[in-house]
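Here the structure is laid out as structure tokens; the discussion comes afterwards.
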Amino acid sequence: MMDFAEYAFNKSHAAAYAVVSYQTAWLKYYYPVEYMAALLTSVIDNSTKVSEYIASCRQMGIRILPPDINESVGVFSVSNGAIRYGLTAIKSVGKPVIAEIIREREEHGLYKDLEDFIERTAGKELNKRAIENFIKAGAFDSFPLNRHQMVSVYEQIVDEATRKKKTEFAGQMSLFDFAPEEDKASFKVRVPQVPEYGKEELLSLEKEVLGFYISGHPMEEYEEQWRRKISHVSTDFLPPEDDEDEKLRDGERATIGGMITSRTVKATKNNKMMAFINVEDMAGSVEVIVFPRDYEKYGRQLNVDSMVFVSGRVSAELDKASKLILEKITPFEKPRKEMWIQFADLEEYGACEQELYHLLADSRGEDSVVIYVRKERQKKVLPAGRNVKADEELLGRLYARFGEKNVKLVEKPVENKA
């Protein structure tokens with residue numbers, strides 16, 4: 001129901017939108033995807049609210065699709081039972097530019113690749129920063145190149161397209177125009193053969209240009225543990241809206257969990273150190289105050305990117321987001337991983353054993369390595385001294401040597417110690 005989403009987006013229809021507010025429960029029940037698309041669209045300029053509603057969508061089982069230059073419109077829309085991210089919500093991309101991109105797409109067909117997109121939009125106030133943000137947001141993922149490759153070459157393609165436009169405007173001819181068709185490929189920008197960014201970096205780039213993660217979240221592997229140990233989520237700390245009750249009272253005790261995204265250390269009048277940290281969960285973030293006594297106790301655990309649970313007392317203010325005064329901090333329990341590598345038989349494993357050890361040698365971590373020999377149906381867990389960090393880099397090396405079907409990463413859930 002795309003019209004409903006656009007309707008909510010149009011601020012001039014705010015009064016008319018209020019008239020149908022009594023139908024909210026009906027719409028949410030019978031058309032949950034359309035309803036949430038409209039809700040997201042109505043707050044598209046408020047990244048905090050967008051993040052909150054996206055978290056709600058995921059809890060409802062509604063998939064959120066990343067922006068797509070050939071599928072997305074300006075607002076959040078419905079696509080095959082999922083919600084497609086709107087281009088308007090990408091940072092540093094103006095609405096007039098998006099309107100031109102969509103008009104060009106509708107009149108002359110889908111964009112084929114990065115070069116086609118840049119050539120067709122050249123001269124339409126689409127600057128390099130906007131193109132880079134499209135890449136980082138995943139809006140060009142349907143193109144042949146990966147994001148790392150596109151970031152490497154987009155500036156050269158823009159410069160070439162700009163030069164070509166100026167030449168055409170002046171009525172001039174270039175060497176490219178006179179070259180035979182078979183030689184024109186040599187004039188194109190050369191694309192480096194670089195692998196895609198790792199998952200963590202891809203998520204970080206999305207966060208940079210969208211304000212939050214869209215294709216995943218660094219906390220996904222911890223979600224079960226996180227939900228089990230917290231009492232409140234970040235959105236509970238937001239000031240209530242007109243029709244909402246307070247979710248937290250001043251002085252109430254609460255436990256939150258998430259990733260430390262920033263830390264500021266300051267000296268008090270008594271020359272003692274205290275800190276302010278932001279803890280981000282899957283919906284938003286909470287500011288946490290760490291007074292000197294607790295800073296002395298927990299200061300070494302207040303590291304950016306650390307996954308932690310924070311317990312403390314709520315500090316509430318009128319019409320402002322509540323804060324949490326730290327009383328206790330504990331790290332997340334890291335989920336155990338096993339890297340399974342399969343060989344056809346013992347003979348093949350014996351022939352590859354030393355090469356395998358060499359591939360594993362540069363990776364140090366806490367994840368165990370399990371060898372499985374298919375013919376003999378034997379399993380061997382390598383000693384703890386050969387444990388690895390099962391990240392994208394190591395997986396890539398093992399895939400290249402032994403094939404994806406023979407390398408599997410298995411995650412073991414954290415045991416409930418409560």
Side-chain angles (χ1 to χ4, degrees), residues 47 50-51 54-55 58 63-67 85 90-91 132-141 145-152 154 192-227 234 256-263 277-286 301-309 331-340 359-360 362-369 387-400 404 407-414:
S47 60
V50 169
S51 181
I54 282 180
R58 285 171 173 154
R63 288 186 305 130
I64 303 294
L65 304 176
Y85 203 93
I90 300 175
K91 293 180 181 179
E132 182 176 346
N133 286 359
F134 275 133
I135 296 170
K136 290 178 177 179
F140 295 156
D141 281 1
L145 306 180
N146 64 45
R147 294 188 205 179
H148 195 175
Q149 289 175 308
M150 287 189 276
V151 166
S152 301
Y154 80 91
Q193 296 304 308
V194 292
E196 180 60 290
Y197 295 118
K199 183 178 180 181
E200 289 183 3
E201 191 164 3
L202 286 173
L203 290 175
S204 177
L205 294 175
E206 291 177 3
K207 178 74 179 297
E208 177 188 335
V209 298
L210 299 175
F212 47 88
Y213 308 103
I214 189 80
S215 63
H217 196 283
M219 282 181 56
E220 282 179 343
E221 61 180 319
Y222 301 96
E223 186 171 1
E224 183 181 348
Q225 176 189 173
W226 171 68
R227 294 194 182 280
S234 59
I256 62 171
M259 180 170 60
I260 299 177
T261 56
S262 67
R263 180 188 67 175
I277 63 173
N278 275 294
V279 177
E280 180 181 292
D281 61 17
M282 299 184 78
S285 64
V286 177
Q301 297 184 46
L302 307 179
N303 301 313
V304 173
D305 293 335
S306 293
M307 299 284 192
V308 296
F309 293 104
F332 278 37
E333 297 174 51
K334 187 174 177 60
R336 293 190 303 112
K337 295 179 182 178
E338 290 180 345
M339 179 82 75
W340 284 66
L359 288 171
L360 300 178
D362 293 335
S363 181
R364 298 294 182 189
E366 300 176 2
D367 304 316
S368 57
V369 179
N387 282 1
V388 298
K389 181 181 179 182
D391 56 13
E392 298 288 333
E393 182 180 351
L394 178 59
L395 277 171
R397 293 204 301 265
L398 295 173
Y399 287 160
E404 288 192 40
V407 180
K408 300 296 179 186
L409 188 61
V410 179
E411 295 191 3
K412 300 291 185 181
V414 175

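Note that this is a predicted model, so its numbers are computed, not measured.
- In this structure a side-chain-to-backbone donor-acceptor pair under 3.5 Å is missing from N278 to S262.
- Counting heavy atoms of neighbouring residues, nucleotides and ligands inside a 6.0 Å radius, atom CD of E196 exceeds 12 of them.
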Exercise. Take H217 and E280 through the test side-chain contact (heavy atoms from CB on, under 4.5 Å) and record every step on the way to the result.
Key: CA-CA 11 Å; H217 196 283; E280 180 181 292; 4.3 Å; yes
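- Residues L202 and S215 fail the side-chain proximity criterion, which asks for heavy atoms closer than 4.5 Å.
- Annotation for R227: atom CZ counts as buried by contact number, over 12 foreign heavy atoms lying within 6.0 Å.
- Residues G284 and S234 approach most closely at N-OG, 3.0 Å, considering heavy atoms.
- Put simply, CG on N146 and CD1 on I135 are 10.5 Å apart, with the number rounded to the nearest 0.5 Å.
- A donor-acceptor pair under 3.5 Å is formed between the side chain of Q149 and the backbone N or O of P192.
- Ring-plane geometry between F332 and F309 is classed as parallel, the angle between the planes falling under 30 degrees on a 0 to 90 degree scale with a further cut at 60.
- Taking NZ from K389 and CG from L394, the interatomic distance works out to 10.5 Å, rounded to the nearest 0.5 Å.
- Side-chain contact between N303 and R263: present, with at least one pair of heavy atoms (C-beta onward) separated by less than 4.5 Å.
- Here E206 pairs with R147 in a salt bridge; the nearest charged N to carboxylate O distance falls below 4.0 Å.
- Here the closest non-hydrogen pair linking Y213 and M259 is OH-CE, 3.5 Å.
- N133 contributes no side-chain N or O that, together with a main-chain N or O of V209, makes up a donor-acceptor pair within less than 3.5 Å.
- A distance of 4.0 Å separates CD in E223 from CE in M282, rounded to the nearest 0.5 Å.
- Side-chain N or O atoms of W226 include one that pairs as donor or acceptor with a backbone N or O of G257 at under 3.5 Å.
- Residues V308 and I260 form a side-chain contact, since some pair of their non-hydrogen atoms from C-beta on lies under 4.5 Å apart.
- Going from atom NZ of K207 over to atom NZ of K136 covers 14.0 Å, rounded to the nearest 0.5 Å.
- With a 4.5 Å cut-off on side-chain heavy atoms, P331 and Q301 count as touching.
- Atom CD of E200 is surrounded by 12 or fewer heavy atoms from other residues, nucleotides or ligands within 6.0 Å.
- Contact record, A137 with P66: O-CB, 4.3 Å, taken as the closest heavy-atom pair.
- Exactly one residue among N387, L395, L360, D367 makes a side chain to side chain contact (heavy atoms under 4.5 Å, CB included) with M339. That residue is L395.
- Between the OH atom of Y154 and the CZ atom of F140 there is a distance of 11.0 Å, given to the nearest 0.5 Å.
- Using a 4.0 Å cut-off between a side-chain N of Lys or Arg and a carboxylate O of Asp or Glu, K199 and E220 qualify as a salt bridge.
- Note that CG of L205 is 14.0 Å distant from CD1 of I214, once rounded to the nearest 0.5 Å.
- For K91, the NZ atom counts as densely surrounded, since its 6.0 Å shell holds more than 12 non-hydrogen atoms of other residues, nucleotides or ligands.
- The backbone N or O of E338 sits nowhere less than 3.5 Å from a side-chain atom of S368 that would complete a donor-acceptor pair.
- Using a 4.5 Å cut-off on side-chain heavy atoms (C-beta onward), E393 and D362 make no contact.
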